[in-house]
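Heads up: the structure comes next, in structure tokens.
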There are 2 protein chains.
Amino acid sequence: MPVPDEGTRWLTEREQRTWRSFLTANRLLFDQVERQLQQGAGLPHAYFEILVRLSEAPDRAMRMSELASTSLSSRSRLSHAVARMEETGWVRRRPCESDRRGQIAELTAEGLAQLEAAVPSHVEEVRSLLFDALTETQREALLEISDAIVDHITRGDPPWPVAPDTPGPGPSRRPA
Amino acid sequence: MPVPDEGTRWLTEREQRTWRSFLTANRLLFDQVERQLQQGAGLPHAYFEILVRLSEAPDRAMRMSELASTSLSSRSRLSHAVARMEETGWVRRRPCESDRRGQIAELTAEGLAQLEAAVPSHVEEVRSLLFDALTETQREALLEISDAIVDHITRGDPPWPVAPDTPGPGPSRRPA
DNA sequence: CACAACGACTTGAGGGCTCAACTATTCCCG
DNA sequence: CGGGAATAGTTGAGCCCTCAAGTCGTTGTG
């Protein structure tokens with residue numbers, strides 16, 4: 001690969017291979033999970049995760065910002081997502097009484113039903129794409145590795161609390 | 001595949017934890033990589049990968065469909081991406097002489113320069129987000145795990161060749 | 001208390017991606 | 001060879017997401 005620099009800590013041959021294989025595995029895995037969920041349940045994986053978090057909250061309701069944090073969404077993304085899912089009737093929004101700036105998102109019965117219907121085939125997909133590919137030793141290693149990455153990236157930082165619009169994932173914008 | 005229920009092979013507690021940690025690590029990692037590339041170089045990671053593959057090809061040129069395969073893009077995605085990067089002058093397209101249906105994408109000098117400028121900080125990002133988080137043992141394990149997933153998912157399938165529009169990743173479409 | 005700083009969301013423009021057509025070639029086979 | 005089937009690539013609509021800016025409510029300080 002290109003090599004102008006000098007001070008850069010380049011990757012070793014083996015690290016390169018690891019990174020590329022990791023990238024490939026991820027794309028293959030998540031693209032398939034995404035497709036399966038979209039075709040089977042008609043929702044993107046990010047929406048699915050939001051519904052899962054909501055379903056696990058007391059009263060199946062949560063403040064928007066807390067929901068954003070636990071579902072690893074930016075505030076903006078969550079706003080758009082909840083707006084959409086409100087249209088389809090899976091989620092309802094109501095004002096927060098203790099803080100009038102706030103909104104509380106609540107999973108509707110319909111949303112819960114939708115979620116429960118989507119879960120089995122999703123689980124099957126995850127098992128067959130990921131866990132079936134690994135030995136028990138590798139599964140354990142994967143947990144440790146994942147935890148290590150999470151700890152490393154969130155080192156010290158609000159393990160989950162959220163900054164301005166910060167928590168949000170990635171970019172956009174056109175090339176030039 | 002989908003199973004009403006009962007027959008579902010649920011995840012164990014530990015598998016659940018593994019899957020969620022894996023998801024979290026992936027989001028944190030890729031969102032950050034994406035953002036860094038977008039802000040630093042003004043291109044999305046998918047575009048970056050396309051440029052990398054092109055830069056490694058003989059004459060820095062490749063057939064569209066081959067490029068789609070090696071960069072894990074759907075044909076459609078690649079078409080859009082190349083069209084955009086052609087506008088910005090990083091890539092050029094010319095007809096393929098041996099097969100008049102075909103097109104050959106070629107990395108321009110400008111595109112190569114752009115890519116080389118983007119690489120160092122990208123490498124640094126990958127190192128600091130991923131490899132710095134892991135022990136040597138974990139790095140080795142990650143390579144094995146990734147390879148295992150790739151092999152499993154592509155078992156038998158065209159290891160890379162490409163079906164209709166198939167190779168493409170995921171879905172879209174609205175909830176209901 | 002007034003007012004600035006901050007926090008919680010929302011909104012809209014812009015861009016990337018998928019899916020589903022659609023065009024143009026090339027292949028294959030009777 | 002003639003024509004259907006497969007292949008290469010493109011295009012457009014629709015959706016999700018990001019960024020940046022905007023609206024309100026809350027807090028803290030002189």
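Chain letters run A, B, ... following the sequence lines, proteins first and then strands; every chain starts at 1. Predicted model, so just to flag it, every value in this text is computed and none were measured.
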message = Could you check whether R127(B) pairs with E124(B) (Lys NZ or Arg NE/NH1/NH2 to Asp/Glu carboxylate O, under 4.0 Å)?
response =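 So R127(B) does not pair with E124(B) through a salt bridge.
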request  = Give every residue pair that meets the ring-ring contact (aromatic ring centres under 6.0 Å, His included) criterion with at least one member in residues 125-150 of chain B, sequence neighbours excluded.
outcome  =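 The answer is none; no pair qualifies.
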Could you tell me how far apart [X] ([atom1]) and [N] ([atom2]) are, to the nearest whole angstrom?
X	N	atom1	atom2	value
E87(B)	dT10(D)	CD	C1'	14 Å
L78(A)	dG7(C)	CG	P	19 Å
E86(B)	dG9(D)	CD	P	14 Å
Q32(B)	dT18(D)	CD	C1'	14 Å
H45(B)	dC17(D)	NE2	C1'	18 Å
D31(A)	dC17(C)	CG	C1'	10 Å
Q36(B)	dT18(D)	CD	P	17 Å
L67(A)	dC9(C)	CG	C1'	13 Å

Given [options], the nucleotide with the shortest approach to the side chain of [X]:
X	options	answer
S79(A)	dG9(D), dT10(D), dC9(C)	dC9(C)
Y47(A)	dC17(D), dC9(C), dT18(C)	dC17(D)
S76(B)	dG9(D), dA20(C), dA13(D)	dA20(C)
R75(B)	dC16(D), dG9(D), dT18(D)	dG9(D)
Q103(B)	dC19(C), dT10(D), dA8(D)	dT10(D)

request  = Kindly say whether, by distance alone, the side chain of H80(A) makes a donor-acceptor pair under 3.5 Å with the base of dG12(C)?
outcome  =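 Answer yes: a donor N or O sits under 3.5 Å from an acceptor.
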Examine [N]: is either OP1 or OP2 under 4.0 Å from a nitrogen or oxygen in the side chain of [X]? Give yes or no.
X	N	answer
S73(A)	dC17(D)	no
R77(B)	dC19(C)	no
R93(A)	dT10(C)	yes
S65(A)	dC9(C)	yes

Under the rule for salt bridge (Lys or Arg N to Asp or Glu O under 4.0 Å), what residues qualify as partners of [X], not counting sequence neighbours?
X	value
R100(B)	none
D132(A)	R9(B)
E110(B)	none
E125(B)	none

Donor-acceptor contacts, no H, no angles, side chain residues 50-61 of chain A, under 3.5 Å, sequence neighbours left out:
from	atom 1	to	atom 2	distance (Å)
S55(A)	OG	V52(A)	O	2.7
E56(A)	OE1	R20(B)	NH1	3.3
E56(A)	OE2	R20(B)	NH2	2.7

message = According to ring-ring contact (aromatic ring centres under 6.0 Å, His included), who are the partners of H152(A), at least two apart in sequence or on a separate chain?
response =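 In terms of ring-ring contact (aromatic ring centres under 6.0 Å, His included), with neighbours along the sequence ignored, H152(A) is linked to no residue.
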Tabulated below should be each protein N or O lying under 3.5 Å from an N or O of nucleotides 25-28 of chain D; please produce it.
from	atom 1	to	atom 2	distance (Å)
dG25(D)	N2	R101(A)	NH1	3.1
dT26(D)	OP1	R100(A)	N	3.1

query = Do the ring planes of H45(A) and F30(A) sit parallel (below 30°), tilted (30 to 60°) or perpendicular (above 60°)?
reply =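 Rings of H45(A) and F30(A): tilted, 30 to 60°.
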Touch class at under 4.0 angstrom, heavy-atom based, for A46(B) against every strand present =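 Sugar-phosphate, no base atom in range.
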request  = Could you tell me whether E13(B) atom CD has more than 12 heavy atoms of other residues or ligands within 6.0 Å of it?
outcome  =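 It does not: E13(B) CD has 12 such atoms or fewer within range.
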request  = Could you list by number each residue of residues 49-59 of chain A showing a heavy-atom separation from DNA chain C of less than 4.0 Å, or answer none if no residue does?
outcome  =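 Nucleic-acid contacts, sorted: none.
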